[in-house]
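Numbers for residues simply follow the sequence, beginning at 1. What you are looking at is a predicted structure, and each value in this text was computed from that prediction instead of being measured.
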Amino acid sequence: MSEEMSYTTEEIAKLLRVSKLTVYDLIKKGELPSYRVGKQMRVDASDLEAYKSRAKGGRVRPAAAVSPAEEAPHLAAVSPMVMAPAPGLSSAVKPLVITGQDTILDILAKYIEKQNRSVRPLRSFVGSMDSLVSMYHGEADIVSTHLFDGDTGEYNIPYIRRLLMGYSYVVVNIAYRNAGLYVAKGNPKGIATWEDLNRSDVRIVNREKGSGARVLLDEQLRLKGISRYALTGYETEESSHLGVAGKVAAGQADAGVGIEKAAAMVNVDFVPLIRERYDLVMIKKPANLEWIETVLGILRSEAFKNELSLIRGYDLSLTGTIVWETE
């Protein structure tokens with residue numbers, strides 16, 4: 001098989017005889033290296049063959065852990081526990097761990113890699129709360145977060161202040177986006193509010209603990225005096241927006257919490273219920289100041305914003321704006 005050949009996610013799904021959602025999950029977990037061409041994800045033939053060989057031998061592992069000969073010439077995806085540089089990476093180049101699941105972060109990593117050769121972006125696909133905990137323990141460099149605080153009605157800052165106490169940090173907006181509920185096409189059950197999730201005829205699918213979507217649901221239930229255990233399907237979890245939307249599309253659930261963008265990728269409708277602020281957090285210390293300036297410059301650049309504007313579901317009016325900073 002030619003190393004020059006590459007496949008789309010649809011082609012990979014057909015070759016492996018799995019669903020597209022399974023392919024996205026493999027990419028998200030770093031088991032199948034990929035890169036973006038325009039709006040399309042592609043996988044090199046050599047990387048597909050390497051994945052199949054590892055799977056046959058029971059040796060599937062994150063892309064950041066593969067040997068230099070196997071490594072694709074694009075951003076690696078890493079487990080939150082893989083913090084060391086990949087084999088063959090110069091000790092002078094600092095691994096820069098970027099946490100979160102949004103496509104924006106993949107684009108940001110691409111820009112960082114081009115503009116600052118002293119760092120190597122690595123992606124870790126974990127939820128907002130776990131990301132902040134990882135940052136507290138020194139295991140993440142750029143953390144994305146969208147955590148709703150029901151007591152203040154504010155996003156992110158209440159959690160960051162509690163979890164990063166004693167640290168100096170900067171919080172910068174990357175985008176606003178709509179969050180709400182995925183429902184079946186045509187919304188046959190007329191689901192329109194958080195309270196509707198408490199109906200006996202509604203089954204939900206949830207996100208994993210620590211994700212921004214899970215926190216949003218729990219806070220809304222708390223504010224409205226609804227017991228989470230009264231919701232049918234509350235314990236059923238998926239690890240991504242696409243996974244939740246896919247369950248709804250397959251008829252395995254009537255509703256699930258997520259962001260608007262994923263609804264356009266899966267055959268479901270979307271009920272917007274809140275406008276959430278999606279921010280980045282970076283620790284301010286002397287060793288980080290150079291690449292922090294690189295990140296701020298990228299977020300504020302027209303080239304970056306123009307690329308994001310092609311993706312549905314983002315409000316970029318405050319992208320690059322510092323929303324909170326400590327000394």
Exercise. Can we say E31 and R54 salt-bridge, meaning some charged N sits less than 4.0 Å from an Asp/Glu carboxylate O?
Worked result: no

Exercise. Relative to Y278, does R177 satisfy both conditions: NZ or CZ under 6.0 angstrom from the six-membered ring centre, and within 45 degrees of the ring's axis?
Worked result: yes

Exercise. Which pair of heavy atoms, one from Q101 and one from F125, lies closest together, and at what distance?
Worked result: NE2-O, 3.9 Å

For this session: State whether Y234 and R214 meet the cation-pi test: NZ (Lys) or CZ (Arg) under 6.0 Å from the six-membered ring centroid, and within 45° of the perpendicular axis.
Result: yes

Exercise. With a 4.0 Å cut-off, would you call E219 and R222 a salt bridge?
Worked result: yes

Problem set entry | T103 versus K261, side-chain donor and acceptor atoms under 3.5 Å | yes

Exercise. Do D44 and S46 have side-chain atoms, one donor and one acceptor, less than 3.5 Å apart?
Worked result: no

Exercise. Hey, which of V170, V171, L280 is the one that makes side-chain contact (heavy atoms from CB on, under 4.5 Å) with V323?
Worked result: V171

Problem set entry | Within 6.0 Å of CZ in R161, more than 12 heavy atoms from elsewhere | no

Exercise. Taking all non-hydrogen atoms of both residues, which atom of A184 and which atom of D269 are closest, and how far apart?
Worked result: O-OD2, 3.8 Å

For this session: State the CG-CH2 distance between N116 and W291, to the nearest 0.5 angstrom.
Result: 10.0 Å

Exercise. Could D218 and R207 be called an ion pair, given the rule that one side-chain N must be under 4.0 Å from one carboxylate O?
Worked result: no

For this session: Report the residue from T321, L299, T319 that forms a side-chain contact (heavy atoms from CB on, under 4.5 Å) with V172.
Result: L299

Exercise. Picking from V248, D254, V257, what satisfies side-chain contact (heavy atoms from CB on, under 4.5 Å) with V205?
Worked result: V248

For this session: May I ask you to decide whether K94 forms a salt bridge with E290, counting only side-chain N to carboxylate O separations under 4.0 Å?
Result: no

Exercise. When you measure from the side chain of D196 to the backbone N and O of T193, does any donor-acceptor pair fall under 3.5 Å?
Worked result: yes

